[in-house]
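Here's the structure, in structure tokens; my notes come after.
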Amino acid sequence: MTRPTVIQEKSMTDHTSRLSGFATATRAERLGVLAERLGGDAEAVSLLERLGPVDGELVDRMIENAIGVMPVPLGLATNMIVDGREMLVPMATEESSVIAAVCNSAKRCRATGGFQTSYAGSLTIAQVQLCGLSDPHRARLEILGREDEIRVICDEVDPQLTSLGGGLRGLEVRILPTRAGIMVVVHLIVDTRDAMGANAVNTMAETVAPTLASWTGARPLLRILSNLADRRLTRARAVWPAAEIGGPEVVEAMLLGAEFAEADPYRAATHNKGIMNGISAVVLATGNDTRAIEAGAHAFAAQNGCYGPLTHWECTEEGSLAGTIEVPLSLGIVGGATRIHPVAQLCLKILGTDSAEALSRITAAVGLAQNFGALRALATDGIQKGHMALHAQNVAIVAGATGDEIEFVAAKLRQGGRVTEAKARKILDFLRA
Ligand code: NAD
């Protein structure tokens, strides 16, 4: 670890956040600054020197001001069958019960064939905001009438994408009343193939905006994709026989739980959070953009004017429980971090996926499995029993247990019902006495 040379601005206090040159410093220099901030605690900072499977150069290239990595556990969901294919699904998550829930849910629908999915396509929307128009309807028709010219401009931006069968596929022009007056919003609908496509479509929007402005006399402002990716919907369905989930009473209880989410946004938010536990873990493991997926999912859940659940549950004629999920998934197997992060690459290899479509289908299936697990737990024992059983080891670690002590303390915590840090400390004191 090297000591910083020109980094801290001496004119300010020791704890200034103004660190000129921090971005261009080496990572070792940044760690030197950090160690100084922590009262010369080089040992604490040395934790950040170990990067695991990622090298320092990559971390530095991926983000600004990099000091290290934040490792998140990576696990494999077993038992999954998606569209007839057996698969192991890598999931990156810090929440203890997430992967266990997917494994358990997937096991219980294997007899009915697992998850059947469908995919609406990889169309990404880029928006161009046009302001200051007194005749927005004229502008709208002008733009719609020149779709061919717009297509040429957009497709020239990314010839590689065009050569792969992607490019501009459609055009929408919306008249948007706002508090600041009428705006015209142009949607460029672009097939981004196996990429999430944010950078690809953002460049298209920025390139075409001056032309749209020159045709209409508008002032072009924001030019960026929409994360409400409702042209990239992925759907999955699975059927759980009543016998696999505890009988007709459990089916009925789960349906009542699902109806609660349909009727109440307070419940729907938590219902969807559970779904995203699964989805975000696959998204993160494959190097995709978790924020984009989360934003899209929640915006889609509110698209009808009232926030609702992303899954729907019903009873089949045979008395089984059938679940469906419909969710926008803007995922890629190229672009962003997917191609440059070695662990993301490995995860894609484990999945054996060769397209954004395949990845999206699997991810939607995991979301549905996760929701089944949460709904079943909530409608029967309550979520805490399973969750805290798995969380007990974390609590033991927080209480100070190390090595073999961890499982000993966790086991005692599980036996006693309530899993608290105070109780873990008592068990630990007893063990060490
Ligand atoms: P990218 O910029 O790396 O571009 C992907 C490119 O890969 C395409 O333009 C295409 O030419 C090429 N390509 C090669 N093989 C391909 C194939 N088989 N299919 C499709 N394209 C292929 O990545 P991107 O997907 O355009 O952008 C994703 C990144 O943008 C993510 O890191 C995301 O975090 C970031 N981002 C997100 C937002 C947002 O969500 N609001 C905004 C800006 C940036």
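These figures come from a predicted structure and were not determined experimentally. Just so you know, residue 1 is the first one in the sequence shown, and it goes up from there. Order of listing sets the numbers, starting from 1, for every ligand and every atom in it.
Here the protein heavy atom with the shortest distance to atom 29 (C) of ligand 1 is N199 ND2, 3.6 Å. D289 OD2, 3.3 Å is the protein heavy atom nearest to atom 33 (C) of ligand 1. Counting protein heavy atoms only, atom 37 (C) of ligand 1 is closest to A198 CB, 3.4 Å.
In this structure, G197 is part of the shell of residues with a heavy atom less than 4.0 angstrom from ligand 1.
Between R85 and D83, none of the side-chain N atoms (NZ, or NE/NH1/NH2) sits under 4.0 Å from a carboxylate O, so this pair counts as no salt bridge. Using a cutoff of 4.0 Å between basic side-chain nitrogens and carboxylate oxygens, E259 and R267 are not scored as salt-bridged.
Screening D191, T192, D194 against S122 for a side-chain hydrogen bond (donor to acceptor under 3.5 Å, both in side chains) leaves a single residue, D191.
Listed by number with element, the atoms of ligand 1 under 4.0 Å from a non-hydrogen atom of L225 are 38 (C), 39 (C), 40 (O), 41 (N), 42 (C). Counting atoms of ligand 1 from 1 in the listed order, those under 4.0 Å from a heavy atom of A292 are 40 (O).
Summarising the contacts of atom 21 (N) of ligand 1 with S330, A195, G287, the nearest heavy atom is found in A195. With distances taken over non-hydrogen atoms, the option nearest atom 41 (N) of ligand 1 out of L164, T192, N227, V157 is N227.
Checking H312 against E326 by side-chain atom types alone, no donor-acceptor pair falls below 3.5 Å.
At under 3.5 Å, a nitrogen or oxygen of D158, whether backbone or side chain, sits near a nitrogen or oxygen of ligand 1. Residue A200 places at least one N or O, backbone or side chain, under 3.5 Å from an N or O of ligand 1.
Within the 4.5 Å cutoff, no side-chain heavy atoms of L48 are placed close to those of R30.
Residue D194 touches ligand 1 through backbone and side chain together, judged by heavy-atom distances below 4.0 Å.
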